[in-house]
J.: 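The structure's right below; bear with me while I get my questions together.
This chain uses plain numbering: 1 for the first residue, then up along the sequence.
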Amino acid sequence: MSEKGGESGGDIEITVKFGGRSIKVSVSADSTVKDLKSILQPLTDVLPRGQKLIYKGKLLVDDMTLKKSEVTNGAKLMLVASQGLHQGGGPILKDARTRPISRTENDYKKTGKAVEVVVDKNRSERWKATGVIALSECNLKDIPDEVWVCGSSARLLDISKNSIQDVPTKIGCLTSIQKLYIDANGLSDESIQWEGLTSLKHLTLLSINHNCLTTLPSALGALTSLRQLLIANNKLTGLPIEIGFLTQLEVLRTNNNRIRSIPACIGDCGSLIEVDLSSNLLSELPETTGNLHHLKALYLSNNGLKSLPSTLFKKCPQLSTLDLHWTEITMDVLRQFEGWEAFDERRRSKHQKQLDFRVASSAEFDEGADKN
């Protein structure tokens with residue numbers, strides 16, 4: 001990345017050492033240290049105020065130019081990150097990987113015993129009677145055929161914490177299913193046959209946490225009965241515009257992904273009560289976020305946000321929980337928003353009610369509301 005400087009400075013090439021990596025940057029010598037930190041933010045996922053740049057044993061000062069700091073062409077700097085002051089899932093380190101919470105064949109080999117799933121001949125009848133198919137942590141690689149026999153009797157299917165790599169189209173035969181949990185299976189984008197899911201017209205909860213998804217298809221918009229969409233701890237880079245069709249959605253949790261932007265149509269999800277976008281790569285939110293009139297809780301910590309939608313406090317009269325920890329948003333910014341005083345009063349009132357149940361702490365707004 002580069003930034004053109006003035007006549008007196010010109011561009012210089014520097015190397016920043018961080019997390020076992022060597023990051024080469026081209027920047028104007030007349031740029032300030034703060035400018036350099038802004039350039040380093042997307043390259044390291046460390047917020048500017050969480051960066052400490054050291055050159056020749058000295059800590060560089062934000063307001064000074066690189067030239068006055070005696071940083072010259074070919075200089076090697078060291079970046080030290082303050083704990084917690086990062087966006088996304090954490091600082092980008094050497095050979096960083098996202099590992100799903102799932103069992104693999106190697107995990108089972110550690111016991112020295114063959115993997116064997118005990119088959120209960122009566123379980124399919126029990127599933128039909130209760131409507132609950134509980135197969136979490138059963139060492140499964142595939143969904144058992146007995147599941148499909150349940151058909152319209154099934155109301156809940158939990159196949160979390162297995163090693164299932166295929167959610168087939170035939171899942172659509174579970175026409176009365178209301179809750180589906182497929183967390184922690186190491187699922188990729190190709191693992192889920194969404195044309196089957198779109199047949200689940202009564203589905204109110206879909207949980208796909210702790211997998212390896214990078215995108216969500218437009219078919220998601222067909223799940224119009226959804227009230228809870230839980231897709232945290234994946235590798236998602238964005239949300240489809242069809243999410244705007246989920247007008248009954250009340251809870252959206254997309255924390256700990258790699259999401260850089262939220263589509264404006266999020267404002268069409270008018271039933272949303274809780275939204276968790278924490279630990280992503282967001283630099284802004286769409287103005288349409290202010291259309292979420294029923295919103296009560298918004299979690300935005302560990303993002304690169306510098307401001308909020310201008311109408312958020314004014315148009316979201318029920319908002320009482322706002323988590324802005326480890327963002328670039330300051331109290332001076334918040335006080336400029338119309339409706340801030342009313343929001344702060346709601347937040348304080350909620351905080352006061354909680355004092356009887358936990359140890360009291362300061363009621364001052366510290367760039368984030370308490371996350372409970």
Side-chain angles (χ1 to χ4, degrees), residues 87-90 97-102 136 156-167 171 177-198 200 203-269 271-282 285-286 289 292 295 297-303 323 371:
Q87 59 183 13
R97 290 183 176 87
T98 300
R99 293 182 289 182
I101 301 175
S102 60
S136 176
L156 181 152
L157 173 60
D158 186 355
I159 51 176
S160 299
K161 298 181 181 179
N162 286 291
S163 297
I164 295 170
Q165 289 298 295
D166 181 32
V167 180
I171 198 171
I177 203 82
Q178 297 174 19
K179 298 181 179 181
L180 177 59
Y181 299 88
I182 48 180
D183 305 311
N185 276 282
L187 296 169
S188 64
D189 296 338
E190 295 75 26
S191 300
I192 303 176
Q193 307 305 314
W194 285 88
E195 56 268 31
L197 288 183
T198 57
L200 307 179
L203 191 66
T204 60
L205 184 151
L206 177 59
S207 184
I208 326 178
N209 298 314
H210 291 284
N211 283 291
C212 300
L213 304 179
T214 63
T215 60
L216 292 174
S218 58
L220 178 69
L223 301 175
T224 53
S225 294
L226 271 186
R227 293 187 179 180
Q228 296 187 56
L229 178 58
L230 316 178
I231 45 178
N233 294 91
N234 279 277
K235 300 178 181 178
L236 297 173
T237 57
L239 298 175
I241 59 174
E242 288 79 9
I243 197 170
F245 296 140
L246 307 183
T247 55
Q248 296 188 53
L249 194 65
E250 297 177 355
V251 177
L252 175 63
R253 295 177 186 162
T254 66
N255 50 291
N256 294 90
N257 278 285
R258 308 291 293 175
I259 298 173
R260 294 185 176 277
S261 64
I262 301 297
C265 59
I266 193 70
D268 296 331
C269 302
S271 299
L272 276 172
I273 296 173
E274 176 188 329
V275 176
D276 191 344
L277 299 170
S278 57
S279 296
N280 278 287
L281 305 177
L282 298 171
L285 292 179
T289 307
L292 305 178
L295 190 64
L298 179 59
Y299 303 106
L300 299 170
S301 64
N302 292 107
N303 278 284
D323 185 355
K371 186 172 182 178

J.: Using side chain to side chain donor-acceptor pair (under 3.5 Å) as the criterion, list what pairs up with E195, not counting sequence neighbours.
T.: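 Not a single residue meets the side chain to side chain donor-acceptor pair (under 3.5 Å) criterion with E195.
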J.: How long is the gap from NE2 on H210 to CG on N256, to the nearest 0.5 Å?
T.: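 Rounded to the nearest 0.5 Å, the NE2-CG separation comes out at 8.0 Å.
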J.: Looking at every non-hydrogen atom in both residues, tell me the closest pair between P240 and P217 and how far apart they are.
T.: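 So the two residues come closest at CG-O, 3.8 Å.
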J.: Determine, step by step, whether L300 and L285 satisfy the side chain to side chain contact (heavy atoms under 4.5 Å, CB included) criterion, reporting the C-alpha distance in whole Å, the side-chain angles of both residues, the deciding distance to 0.1 Å, and the verdict.
T.: CA-CA 10 Å; L300 299 170; L285 292 179; 3.8 Å; yes
J.: Run through D189, N234, N257 and flag the one making a side-chain hydrogen bond (donor to acceptor under 3.5 Å, both in side chains) with T214.
T.: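 When side-chain hydrogen bond (donor to acceptor under 3.5 Å, both in side chains) is applied between T214 and each of D189, N234, N257, only D189 qualifies.
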J.: Under 3.5 Å, is there a donor-acceptor pair between the side chain of D183 and the main chain of N209?
T.: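 Yes; judged by distance alone, with no hydrogens or angles, the pair exists.
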J.: Testing the basics here: between T247 and D268, what is the closest heavy-atom pair and its distance to 0.1 Å?
T.: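 Nearest pair, atom of T247 first, then D268: CG2-O, 3.7 Å.
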J.: Could you check whether any side-chain N or O of Q193 sits under 3.5 Å from a backbone N or O of E190, counting only pairs where one atom can act as donor and the other as acceptor?
T.: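 Checking the backbone N and O of E190 against the side chain of Q193, a donor-acceptor pair under 3.5 Å is found.
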J.: Determine, step by step, whether L220 and E242 satisfy the side chain to side chain contact (heavy atoms under 4.5 Å, CB included) criterion, reporting the C-alpha distance in whole Å, the side-chain angles of both residues, the deciding distance to 0.1 Å, and the verdict.
T.: CA-CA 7 Å; L220 178 69; E242 288 79 9; 5.8 Å; no
J.: Any side-chain heavy atom of N233 sitting closer than 4.5 Å to one from N255?
T.: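 Yes, at least one pair of side-chain atoms sits under 4.5 Å.
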J.: For side chain to side chain contact (heavy atoms under 4.5 Å, CB included), just list the numbers for I243 and L216, CA-CA rounded to whole Å, side-chain angles, deciding distance to a tenth of an Å, and then say yes or no.
T.: CA-CA 10 Å; I243 197 170; L216 292 174; over 6 Å; no
J.: Checking I182 against I192 for the side chain to side chain contact (heavy atoms under 4.5 Å, CB included) test, could you report, in this order, the C-alpha distance in whole Å, the side-chain angles of both residues, the deciding distance, and whether it holds?
T.: CA-CA 10 Å; I182 48 180; I192 303 176; 4.2 Å; yes
J.: Is there a side-chain contact between I262 and T289 in this structure, where contact means two heavy atoms from C-beta onward sitting under 4.5 Å apart?
T.: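 Counting from C-beta outward, I262 and T289 never come under 4.5 Å.
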J.: Heavy-atom distance under 4.5 Å between the side chains of L180 and L197, does that happen here?
T.: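 Side-chain contact under 4.5 Å: yes.
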J.: Please give me the minimum heavy-atom distance between N303 and S278, naming the atom from each residue.
T.: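 Closest pair (atom of N303, atom of S278, distance): ND2-CA, 3.8 Å.
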J.: Measure the spacing between CG of L252 and CD1 of I231 and express it to the nearest 0.5 Å.
T.: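 The CD1 atom of I231 is 6.0 Å from CG of L252, to the nearest 0.5 Å.
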J.: When rounded to the nearest 0.5 angstrom, what distance separates NZ in K179 from CG in L203?
T.: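 Between K179 NZ and L203 CG, I get 10.5 Å after rounding to 0.5 Å.
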J.: To check you understand the geometry: which heavy-atom pair defines the closest contact between I208 and N211, and what is its length?
T.: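 In terms of heavy atoms, the two residues are closest at O-ND2, 3.2 Å.
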J.: Please round to the nearest 0.5 Å and tell me the distance separating atom OG of S279 and atom OH of Y299.
T.: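 Spacing of OG (S279) from OH (Y299) equals 13.5 Å.
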J.: If we only count heavy atoms from C-beta on, is the D323 to D276 side-chain gap below 4.5 Å?
T.: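 Heavy-atom side-chain distance check fails, nothing below 4.5 Å.
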J.: Look up atom OG1 in T237 and atom CG in L213, then write down how far apart they are to the nearest 0.5 Å.
T.: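 So the OG1 of T237 and the CG of L213 are separated by 11.0 Å.
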J.: Under the salt bridge (Lys or Arg N to Asp or Glu O under 4.0 Å) rule, collect the residues that match up with R253, sequence neighbours excluded.
T.: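 Partners of R253 by the salt bridge (Lys or Arg N to Asp or Glu O under 4.0 Å) criterion, ordered by chain and then number, come out as E274.
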J.: Identify the heavy atoms of L226 and L206 that sit nearest to each other, and give their distance.
T.: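 Reported closest heavy-atom pair: CD2-N, 3.8 Å.
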J.: Which pair of heavy atoms, one from Q165 and one from N185, lies closest together, and at what distance?
T.: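 The pair with the smallest heavy-atom distance is NE2-O, 2.8 Å.
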J.: Can you measure from CD1 (I259) to CG (L239) and round to the nearest 0.5 angstrom?
T.: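 Here the interatomic distance stands at 4.5 Å.
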